[in-house]
Student: 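Here you go, one structure.
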2 protein chains.
Amino acid sequence: MNIGDVSTRCGLPAKTIRYYEDIGLVTPARGENGYRSFREQDLHKLSFLGRARTLGFTIEDCRTLMALYEDETRASADVKKVARDHLRKIEDKIADLEAMRDTLTHLVDACAGDNRPDCPILKDLGQDLAG
Amino acid sequence: MNIGDVSTRCGLPAKTIRYYEDIGLVTPARGENGYRSFREQDLHKLSFLGRARTLGFTIEDCRTLMALYEDETRASADVKKVARDHLRKIEDKIADLEAMRDTLTHLVDACAGDNRPDCPILKDLGQDLAG
DNA sequence: CTTGACCTTCCCCTGACTGGAACCCTTATC
DNA sequence: GATAAGGGTTCCAGTCAGGGGAAGGTCAAG
């Protein structure tokens with residue numbers, strides 16, 4: 001399988017697949033013409049990576065998860081720890097974004113949005129830190 | 001005022017302040033020794049930028065907002081548009097993260113987290129796309 | 001034989017900084 | 001006057017996870 005086929009089948013851009021080879025996440029064979037030659041196993045790995053990435057795991061997390069995936073003697077506790085740590089980070093990020101959202105919602109609601117210069121959004125931003 | 005004083009007063013790292021000068025967001029004067037010499041007005045600008053950044057606005061948004069802030073003939077509608085567009089992006093991000101969170105929460109709850117290899121998290125990640 | 005689609009490597013670009021090196025300036029102390 | 005600490009300055013490289021695009025090799029069809 002050439003990279004284009006793999007790309008359509010696993011849903012990752014060819015660029016991304018090359019990058020994953022670059023950083024050692026996959027190691028496809030090479031044909032005589034120099035083209036990458038992917039086996040089903042490589043495709044499966046790439047699907048795994050794609051799925052993990054859509055769940056927001058970092059590349060380093062993916063590396064760890066992949067190693068655990070391929071280690072038949074793993075402890076599920078190790079997997080769970082990676083996932084739970086990641087989950088916590090996501091929850092933190094959500095909380096941060098929700099704080100921004102709430103403030104912004106208030107400000108946007110308070111702004112007339114007309115052609116006059118008076119604007120509570122700018123008023124908030126321009127407030128002195130002490131105030 | 002030297003950069004260190006400004007840094008403590010506006011809460012931005014000196015590195016960040018230098019960066020903001022680099023990209024033209026502030027233009028402090030220079031003393032004879034080559035040191036940046038900040039006026040109250042510069043400090044105020046930097047506070048504005050810091051506040052806008054904590055609300056998640058991009059640097060380009062900040063540039064726009066700053067220009068509006070300094071334009072006495074602005075229309076509040078223009079400010080509101082920037083804020084609302086940004087708000088929409090934040091809401092999208094929250095939705096994405098919540099989807100991740102929900103999936104991860106399910107998976108983490110389903111994982112025994114013991115020393116056996118069986119793991120629903122890895123099972124999910126390793127699933128074929130068709131499945 | 002040529003066209004077009006595919007593949008290769010290579011390098012630069014992103015956003016918003018952060019870290020660090022190498023060097024200059026100021027102030028206090030001895 | 002020497003020196004050391006603690007400012008400041010510039011510049012270069014790195015972060016994360018790829019994306020864009022150039023220059024060139026390969027392959028299948030007409």
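Chain identifiers are assigned alphabetically (A, B, ...) following the order of the sequence lines, protein sequences preceding nucleic acid strands; residue numbering begins at 1 within each chain.
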Student: So, OP1 or OP2 of C:dT9: does either fall under 4.0 Å of a side-chain N or O from A:R36?
Tutor: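 For A:R36, the contact criterion (side-chain N or O under 4.0 Å from OP1 or OP2 of C:dT9) is met.
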
Student: Could you tell me the separation between the NZ atom of A:K93 and the P atom of D:dC16, rounded to a whole number of Å?
Tutor: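 Between P of D:dC16 and NZ of A:K93: 12 Å.
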
Student: Would you kindly compare B:I59 and B:N33 by the position of their nearest DNA chain C nucleotide and give the one closer to the 5′ end?
Tutor: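 Looking at DNA chain C, the more 5' nearest nucleotide goes with B:I59.
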
Student: Starting from C1' on C:dC17, measure out to NZ on B:K15 and report it in whole angstrom.
Tutor: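 Those two atoms, NZ and C1', are 9 Å apart.
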
Student: Check this one for me: any side-chain N or O of B:R53 less than 4.0 Å away from OP1 or OP2 of C:dC17?
Tutor: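 Yes, because at least one side-chain N or O of B:R53 sits under 4.0 Å from OP1 or OP2 of C:dC17.
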
Student: Any idea which heavy atoms bring B:R74 and B:Y69 closest together, and the distance?
Tutor: NH1-O, 3.0 Å

Student: Looking at B:K45 and B:E40, is any side-chain nitrogen of the basic one under 4.0 Å from a carboxylate oxygen of the acidic one?
Tutor: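 No salt bridge links B:E40 with B:K45.
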
Student: Let me know the distance between CD of B:E21 and C1' of C:dC17, rounded to the nearest Å.
Tutor: 16 Å

Student: So which atom in B:A112 and which in A:S76 form the shortest heavy-atom distance, rounded to 0.1 Å?
Tutor: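 Reported closest heavy-atom pair: C-OG, 4.2 Å.
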
Student: Distance check: side-chain N/O of B:R30 vs OP1/OP2 of D:dT10, anything under 4.0 Å?
Tutor: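 Indeed, a polar side-chain atom of B:R30 lies that close.
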
Student: Would you call B:R63-B:E60 a salt bridge at under 4.0 Å N-O?
Tutor: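 B:E60 and B:R63: salt-bridged.
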
Student: For B:T16 and C:dT18, is the shortest distance between a side-chain N/O and OP1 or OP2 below 4.0 Å?
Tutor: yes

Student: If you define the side chain from C-beta out and look only at heavy atoms, does anything of B:R53 sit under 4.5 Å from B:C62?
Tutor: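 Result yes, sub-4.5 Å side-chain heavy-atom pair found.
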
Student: Return no unless some side-chain N or O of B:Y20 is found under 4.0 Å from OP1 or OP2 of C:dC17.
Tutor: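 The answer is yes; a side-chain N or O of B:Y20 sits under 4.0 Å from OP1 or OP2.
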
Student: Between C1' on C:dC17 and CZ on B:F57, what's the gap in Å once rounded to a whole number?
Tutor: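 Roughly 19 Å, once rounded to whole Å.
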
Student: How close or far is atom P of D:dA17 from atom OH of A:Y19, stated in whole angstroms?
Tutor: 6 Å

Student: Send over the distance from A:I17 CD1 to C:dT8 C1', rounded to a whole Å.
Tutor: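 It is 15 Å, rounded to the nearest whole Å.
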
Student: In this structure, how many angstroms lie between the P atom of C:dC7 and the CD1 atom of A:I3, rounded?
Tutor: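 From A:I3 CD1 to C:dC7 P: 7 Å.
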
Student: Where each residue is assigned the nucleotide of DNA chain C containing its nearest heavy atom, which of B:T58 and B:Y35 is assigned the position nearer the 5′ end?
Tutor: B:T58

Student: To the nearest angstrom, how far is A:I23 atom CD1 from D:dT15 atom P?
Tutor: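 Rounded to the whole Å, the gap is 12 Å.
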
